[in-house]
Asker: 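Got a structure for you, questions after.
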There are 2 protein chains.
Amino acid sequence: MEAHRQAHMGVLTPAARRVLDTAAELFYGQGINAVGVDLIAKRAGVTKKTLYDRFGSKETLVAAYLRERDERWRAWLTAEVEKSPPADRALATFDALAEWVRRENPRGCGFVNAAAELPDAGHPARQVIADQKHWLRGYLRELCEQAGVAAPDELADELLLLHEGATVLNGLSVVTDPVGIARRLARRALERART
Amino acid sequence: MEAHRQAHMGVLTPAARRVLDTAAELFYGQGINAVGVDLIAKRAGVTKKTLYDRFGSKETLVAAYLRERDERWRAWLTAEVEKSPPADRALATFDALAEWVRRENPRGCGFVNAAAELPDAGHPARQVIADQKHWLRGYLRELCEQAGVAAPDELADELLLLHEGATVLNGLSVVTDPVGIARRLARRALERART
DNA sequence: TGACGACTAAACCGATCTGTTTAGTCTAGT
DNA sequence: ACTAGACTAAACAGATCGGTTTAGTCGTCA
């Protein structure tokens, strides 16, 4: 009779905290399928028993990793964006993205990478990935409305595509400053949509 | 004393052909690290001995898979694009992309997905991935010149980003018709660059 | 005839995979 | 004093991983 379901991982035990931090680093840096639970447990200074008592399965741990990454991204993005006046916020998402990828995304989008490794539609992480993208699209749409554009849905689609393109290109070192390119295109799209 | 290095896989033995086709399907569909050589050999109706005699290692097989995918993509893209007059070709790459992703890319870009799974810079597949992206950027630049734009380098960066964004979004089913969105943005960027 | 290349069949290797089990320690709260 | 929960230690399980080895068959070409 183990506990192992901390609801939505609101508060983690110290060992669980270490496991999740270690897993996040290894999963993002080496890929999900390339990292075994033994390695995670060892690096976190925890036994496999503890890991399984806290998280139940590798699948669940993967989902928890992505959920927390999503939370960090949302918190960062909204905090940065809200420093700007409403009319500038849609474009400000690209400035927030620039700093984010510089610090946390040397290997592309963690969600896109995870989706590449988890083709099974039933994997619990898939829902987290879908939520992340839908949230971003909804948030961009909201910011487009705040910017007073005529067709916020279409513009949100465009900005989302620019976000994804910049993030993925950033991990491929084929072009310098992909976020700058995306920002340039976004600025023009916004100007165009406002007139 | 095995042969196992067919130069650039110009001509493959029947068994090698089956192995490569099977590997391509499994690697793209399930992810590279999720597919073992035993499964590939079994599905191809070949022994592991044969697989290793022909390809030498899994790494090499992965590189061969990506190389052939790249060749197919280049052949398709150039053939489609050259149906259009030079001035329209840069935009026509998005029409070629639309059909390509419909047929071959339900799970996003095979190269981006592979990069997500192969963090090791020394992996032979990494060079193939880099080549693919650089070639596409160069080709887009060439088409931008043919379209007579003032700054082909900048526009090529933008079109490349739109290609990548559309391809990755296509595998995430968060937006309908991502290639159409990218094409719309590309058309505007081209119009703008021509005036 | 003889040699070579492509191939099958299947055992074998050590390592690693996700996950479980048993046994026991330590600490905080009641 | 008792208990419940968080944790360590380490063995165990069966499957699979990438890769090798030995042995042998078949067809082609010289």
Side-chain angles (χ1 to χ4, degrees), chain A residues 1-7 9-23 26-27 30-65 114 117-120 122-125, chain B residues 1-7 9-23 26-27 29-66 114 117-120 122-125:
Chain A
M1 303 305 138
E2 315 289 350
H4 93 56
R5 204 116 315 179
Q6 249 110 349
M9 306 290 162
V11 183
L12 297 175
T13 63
R17 180 74 267 153
R18 259 147 45 216
V19 167
L20 192 48
D21 289 342
T22 307
L26 291 172
F27 283 155
Q30 323 216 140
I32 290 166
N33 290 329
V35 173
V37 290
D38 288 278
L39 178 61
I40 295 168
K42 189 176 182 181
R43 290 268 271 259
V46 153
T47 56
K48 275 208 293 181
K49 173 91 163 54
T50 301
L51 188 154
Y52 275 93
D53 284 351
R54 295 300 139 239
F55 294 96
S57 70
K58 188 187 178 181
E59 277 193 355
T60 313
L61 179 58
V62 170
Y65 144 62
E117 294 206 74
L118 308 172
D120 174 15
H123 194 293
Chain B
M1 303 308 136
E2 315 290 351
H4 93 53
R5 204 119 312 181
Q6 250 111 350
M9 305 289 162
V11 183
L12 297 175
T13 63
R17 180 74 267 152
R18 258 147 46 216
V19 167
L20 192 48
D21 289 343
T22 308
L26 291 171
F27 283 155
Q30 321 213 150
I32 291 166
N33 290 330
V35 173
V37 289
D38 289 277
L39 178 61
I40 295 169
K42 189 175 182 182
R43 291 267 270 257
V46 153
T47 56
K48 276 209 291 181
K49 174 89 164 52
T50 300
L51 188 155
Y52 275 93
D53 284 351
R54 296 298 140 241
F55 294 96
S57 70
K58 187 186 179 182
E59 277 192 355
T60 313
L61 179 58
V62 170
Y65 144 61
L66 290 173
E117 294 206 74
L118 309 172
D120 175 14
H123 195 292

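Worth saying up front: this structure is predicted, and the values here are computed from it rather than measured. As a basis for the values below, the full set of heavy atoms in this structure was taken, side chains included, without hydrogen atoms, waters or symmetry mates. Just so we're on the same page: letters track the sequence lines, and every chain starts at 1.
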Asker: Given D:dG18, D:dA10, C:dT8, identify the nucleotide with an atom nearest to the side chain of A:Lys49.
Answerer: D:dA10

Asker: Could you check which of C:dT18, C:dA6, D:dG18 has an atom nearest any side-chain atom of B:Lys58?
Answerer: D:dG18

Asker: I need the minimum non-hydrogen distance between B:Tyr65 and B:Ile32, along with the two atoms involved.
Answerer: CE2-CD1, 4.4 Å

Asker: Is the backbone N or O of A:Val46 less than 3.5 Å from a side-chain atom of A:Arg18, with the two atoms forming a donor-acceptor pair by type?
Answerer: no

Asker: Under the side-chain hydrogen bond (donor to acceptor under 3.5 Å, both in side chains) rule, collect the residues that match up with B:Thr22, sequence neighbours excluded.
Answerer: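 With sequence neighbours excluded, B:Thr22 shows a side-chain hydrogen bond (donor to acceptor under 3.5 Å, both in side chains) to no residue whatsoever.
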
Asker: B:Leu26 CG to D:dT16 P: how many Å, rounded?
Answerer: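 The distance from CG of B:Leu26 to P of D:dT16 comes to 15 Å, rounded to the nearest Å.
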
Asker: Go through the structure and list residues passing side-chain contact (heavy atoms from CB on, under 4.5 Å) with A:Ala41, not counting sequence neighbours.
Answerer: A:Lys48, A:Leu51

Asker: Looking at C:dT8, I'd like to know if its phosphate oxygens (OP1 or OP2) sit under 4.0 Å from a side-chain N or O belonging to B:Thr50.
Answerer: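 Yes, such a contact exists.
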
Asker: Whole-Å distance between C:dG19 P and A:Phe55 CZ?
Answerer: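 Checked: the CZ to P distance equals 14 Å.
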
Asker: Can you measure A:Gln30 atom CD to C:dT16 atom C1' for me and round it to whole angstrom units?
Answerer: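 Going from A:Gln30 (CD) to C:dT16 (C1'), I get 15 Å.
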
Asker: Check whether any side-chain nitrogen or oxygen of B:Ser57 sits under 4.0 Å from OP1 or OP2 of D:dG19, and answer yes or no.
Answerer: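 No, outside the criterion.
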
Asker: Identify, with sequence neighbours excluded, every residue that meets side-chain hydrogen bond (donor to acceptor under 3.5 Å, both in side chains) alongside A:Gln30.
Answerer: none

Asker: Does B:Asp21 have any side-chain hydrogen bond (donor to acceptor under 3.5 Å, both in side chains) partners at least two apart in sequence or in another chain, and if so, which?
Answerer: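 Testing B:Asp21 for side-chain hydrogen bond (donor to acceptor under 3.5 Å, both in side chains), a comparison that skips the adjacent residues, returns B:Arg17.
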
Asker: Near DNA chain D, counting only heavy atoms under 4.0 Å, which residues of residues 36-47 of chain A show up?
Answerer: A:Gly45, A:Val46, A:Thr47

Asker: Mark yes or no for a side-chain to base donor-acceptor pair under 3.5 Å between B:Lys48 and D:dG19, with no hydrogen or angle criteria applied.
Answerer: yes

Asker: Would you say B:Arg54 reaches C:dG5's phosphate, i.e. side-chain N/O to OP1/OP2 under 4.0 Å?
Answerer: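 No, because none of the side-chain N or O atoms of B:Arg54 sits under 4.0 Å from OP1 or OP2 of C:dG5.
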
Asker: Answer yes when B:Lys42 and B:Asp38 have at least one side-chain N-carboxylate O distance shorter than 4.0 Å, and no when they do not.
Answerer: no

Asker: Would you mind reading off the distance between B:Arg18 atom CZ and C:dA6 atom C1', rounded to a whole angstrom?
Answerer: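 Going from B:Arg18 (CZ) to C:dA6 (C1'), I get 11 Å.
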
Asker: Any base atoms under 4.0 Å from B:Val19, or only sugar-phosphate, or nothing? Heavy atoms, all strands.
Answerer: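 Contact class for B:Val19: none.
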
Asker: Could you tell me the separation between the CG atom of A:Asp53 and the P atom of C:dG19, rounded to a whole number of Å?
Answerer: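 Distance, rounded to whole Å: 14 Å.
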
Asker: Please report, rounded to the nearest Å, how far the P atom of C:dC17 is from the CG atom of A:Leu51.
Answerer: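 Result: 13 Å.
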
